[in-house]
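Heads up: the structure comes next, in C-alpha cells.
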Amino acid sequence: MSKIKMQNKIVEMDGDEMTRILWKMIKDELLLPFVELDTEYYDLGLPHRDETGDKVTFEAGEAVKKYHVGVKCATITPNAQRMTEYNLHEMWKSPNGTIRAILDGTVFRAPIVIKNLSPAVRNWEKPITIARHAYGDVYKGTEYRVPTPGKAELVFTASDGAETFRETIYDYECPGVLQGLYNKDSSIRSFAKSCFEYALSTHQDLWFSTKDTISKKYDQTFKLIFAEIFENEYKAKFEEAGIEYFYTLIDDAVARVIRSKGGFIWACKNYDGDVMSDMISTAFGSLAMMTSVLVSPDGNYEYEAAHGTVTRHYYRYLKGEETSTNPIATIFAWSGALKKRGELDNTQDLIDFADKLEKACIDTMESGIMTKDLALIADGEAASVNTADFLNAIRANLEKLL
Ligand code: NAP
Ligand code: MG
C-alpha cells in the first residue's frame, strides 16, 4: 500500500512527560506507517524551552501562522516545584498562553462521544463544544479589600486627559470588597469571529449567552458585537450552510443545554466558559476524552488534547511499571490537524484517513477494549489494557478500514 501524501506541512509541537511518550507511540503505530507525514517539528518539551530561553515556543506560534495548522502535545507549565525538578533558568510562562496570544485565538473544547460511555445527562447524544473567551474579565481584574467606611468610584480618564467619567459604585458604611474588570472590543470581535468561523468549519449551530439583562453595558457590548458581526459577515454563510446562530441569556442557555441532544457550540464569556467546560467534560465522562482546538479569527488552527502531561503515570513509567494512559484525545488532536490540512489543501485521501483513524479509535472502545480510566466507568463489558496494547488494537481496526 502506498502512503498518503501531504501537500503542505503541519506544525508539530512535541511536549512533556507521559504525553511525550504517547506522542511517539502514536506516530510510530498509527501515522508513519500510513502517511508521508510532513511536519515542521518544534520541541516544546520543558528542557528545550529552557535551553532556548522559551524562544522555541514563540517560533512554533509563528509557524502556525505560516502553515495555518498545528498539533501540540501537552506541556508542563512550570511552577516552583518544576524549577528544581528541571533546574530551570526561569519560570517560563504557559506555552498555551504564549501561543494563544500570538494567534489571538479562542479555545474550543469538545468531548469524544462513544456508545458505551453514557453522559450523565441521558438525552445528550452528540458532543457539546464550549468556546471560552480566554481574555480579560475577572482573570485580569483589579480588586481590593475595603478596610473602612468610604466611597468607591469608577473613574475613566481619556488618554488626552480631557474626557473623564466618574460614577459612585458604593458608599461603604462598613468594610467590604471591590473589584474592577475590563474587556476590549478588539478581543470580543476576535472571539466572535473565531466562533462564527468554527461553527462554519464544523457545521454546527452556534449559541452565545451572557447576562446582558443585568450587565447593561458590559455584557450588552458582547451581545451587540456578536450580532453586528453576524449580520454583516456571517448571516448569508450560515444560511447557505444550513446552520443557526442564536443568542440567549446564560440562565436560559443552561436550561436549554441540559434539555438538548447536543451537537452545537456554546460560546461563553471567560468565567462562564471556565466553569461550564468543567461541567460539560465531567458530565460527558472523562478529561482524557476531551479535545481542544485553538482557532484564530483569521483561520489558523492548533489542535491538542485538553488534559495535561499525566505526571503521575509518567513517574510510574519511569520506574518501569506498566501504564494504561488514554491516548485518545492526543490521537484526535492529530486526526483533527490532518483533517484540517486535507480540507485546506483539498486532499480527500488525507481527510478520509483522519476519519478512519477516528473511527478505528471509536470501534476499539465500543468493542470494549479500553484504557483503565474508561474501563472503570464504561457501560457493559470492558477490558482494561495497557497503552501499547490499546494502540495495537486501534491499529488492527484501522488496517481493516484502510
Ligand atoms: P493531567 O495531566 O491532566 O492529569 C490529571 C489526572 O487526570 C491524571 O493523574 C490522571 O488521573 C487523569 N488523566 C488525565 N489525562 C489522562 C489520560 N490521558 N489517561 C488517563 N488518565 C488521565 O493534569 P495535572 O496532573 O494537573 O497536570 C500535569 C502537568 O500537565 C502539569 O505540569 C501541568 O502544567 C500540565 N498541563 C498541561 C496542559 C496543556 O499542555 N494543555 C493542560 C493541563 C495541565 P489518575 O492519576 O487518577 O489516573
Ligand atoms: Mg475550570
Side-chain angles (χ1 to χ4, degrees), residues 106-134 137 188 191-192 194-216 218-220 222-227 229-231 234-235 237-239 241-293 295 306 328-329 332 358 362 365-366 374 377-380:
T106 297
V107 174
F108 296 81
R109 277 179 151 208
I112 298 150
V113 176
I114 56 172
K115 286 198 193 100
N116 44 347
L117 196 66
S118 28
V121 179
R122 260 174 293 134
N123 42 283
W124 287 354
E125 291 167 9
K126 293 182 189 163
I128 295 169
T129 303
I130 294 270
R132 170 179 171 192
H133 181 215
D137 297 357
I188 303 167
F191 174 45
S194 297
C195 290
F196 291 126
E197 285 293 330
Y198 194 65
L200 282 172
S201 145
T202 59
H203 215 91
Q204 298 183 89
D205 289 348
L206 176 67
W207 301 15
F208 180 44
S209 58
T210 72
K211 192 78 178 174
D212 67 289
T213 45
I214 299 298
S215 172
K216 290 186 167 63
Y218 201 110
D219 283 19
Q220 173 79 349
F222 280 77
K223 177 182 172 177
L224 292 177
I225 287 177
F226 266 71
I229 293 179
F230 179 68
E231 276 303 317
Y234 290 97
K235 199 173 179 197
K237 289 182 193 161
F238 269 51
E239 268 168 22
I243 57 173
E244 276 184 19
Y245 166 63
F246 107 99
Y247 174 85
T248 187
L249 273 180
I250 180 98
D251 330 40
D252 179 51
V254 167
R256 284 172 188 259
V257 164
I258 297 296
R259 286 197 307 263
S260 76
K261 288 189 167 21
F264 54 87
I265 300 160
W266 182 13
C268 291
K269 285 181 58 201
N270 208 350
Y271 177 81
D272 299 339
D274 182 351
V275 178
M276 292 306 166
S277 69
D278 282 326
M279 190 271 284
I280 296 280
S281 63
T282 309
F284 269 105
S286 169
L287 184 62
M289 296 283 277
M290 216 22 151
T291 61
S292 178
V293 53
V295 180
I328 290 292
F332 273 64
E358 291 182 358
I362 290 170
M365 291 183 285
E366 290 187 345
L374 295 188
I377 54 172
D379 314 328

Does any non-hydrogen side-chain atom of S286 lie less than 4.5 Å from one of L374? yes

Should F246 and R256 count as side-chain neighbours, where that means a heavy-atom distance under 4.5 Å? yes

In Å and rounded to the nearest 0.5 Å, what is the CE to CD1 distance from M289 to I114? 4.0 Å

Suppose we screen for ring-ring contact (aromatic ring centres under 6.0 Å, His included). Which residues come up paired with Y247, at least two apart in sequence or across chains? F208

V113 side chain reached by K126 side chain, heavy atoms, under 4.5 Å: no

Is the ring pair F284/W124 parallel, tilted or perpendicular, if the boundaries are 30 and 60 degrees? parallel

Does NZ or CZ of K235 lie under 6.0 Å from the centre of the six-membered ring of F238, at an angle within 45° of the ring axis? no

Salt bridge or not for D379 and K115, using N-O below 4.0 Å? no

Under 3.5 Å, is there a donor-acceptor pair between the side chain of H203 and the main chain of A241? yes

Between N116 and A378 (side chain of the first, backbone of the second, donor and acceptor by atom type, cut-off under 3.5 Å), is there such a pair? no

Whether D272 side chain and T210 backbone form a donor-acceptor pair below 3.5 Å: no

Distance col, row I229:CD1 vs I188:CD1, nearest 0.5 angstrom, shows 9.5 Å

I'd like to check V293 versus Y198 (side-chain heavy atoms, cut-off strictly below 4.5 Å). Are they in contact? yes

Taking the side chain as everything from C-beta on, heavy atoms only, tell me whether T129 gets closer than 4.5 Å to R109. no

Main chain of D212, side chain of S215: is a donor-acceptor contact present, judged purely on distance under 3.5 Å? no

Quick one, W207 and V257 - any side-chain contact, counting heavy atoms below 4.5 Å? yes

Got V295 and F108 here, is their nearest side-chain heavy-atom distance under 4.5 Å? yes

Search all heavy atoms of T106 against all heavy atoms of A131 and return the closest pair with its distance. CG2-CB, 4.3 Å

With sequence neighbours left out, write down each residue that passes ring-ring contact (aromatic ring centres under 6.0 Å, His included) with F332, or none if nothing qualifies. none

Give, for atom NZ of K223 and atom OG1 of T248, the distance between the pair rounded to the nearest 0.5 Å. 9.0 Å

In terms of heavy-atom contacts, does OH of Y271 have more than 12 from other residues, nucleotides or ligands at under 6.0 Å? no

Closest contact, heavy atoms only, S209 versus A253: CB-CB, 3.7 Å

Polar side-chain atom of T291 near backbone of A110 as donor-acceptor pair, under 3.5 Å: yes

Got a second to check how far L249's CG is from T213's OG1, nearest 0.5 Å? 4.5 Å

Check whether any side-chain heavy atom of V107 lies under 4.5 Å from a side-chain heavy atom of R132, and answer yes or no. no

I need the minimum non-hydrogen distance between F191 and C268, along with the two atoms involved. CZ-O, 3.3 Å

Closest non-hydrogen atoms of W266 and V254, given as atom of the first, atom of the second and distance, are CH2-CG2, 4.0 Å

If you measure from CD1 on I243 to CG on L206, what distance do you get to the nearest 0.5 Å? 8.0 Å

When rounded to the nearest 0.5 angstrom, what is the spacing between OG in S194 and CD1 in I265? 11.0 Å

Would you please classify the geometry between the F196 ring and the Y245 ring as parallel, tilted or perpendicular, with 30° and 60° separating the classes? perpendicular

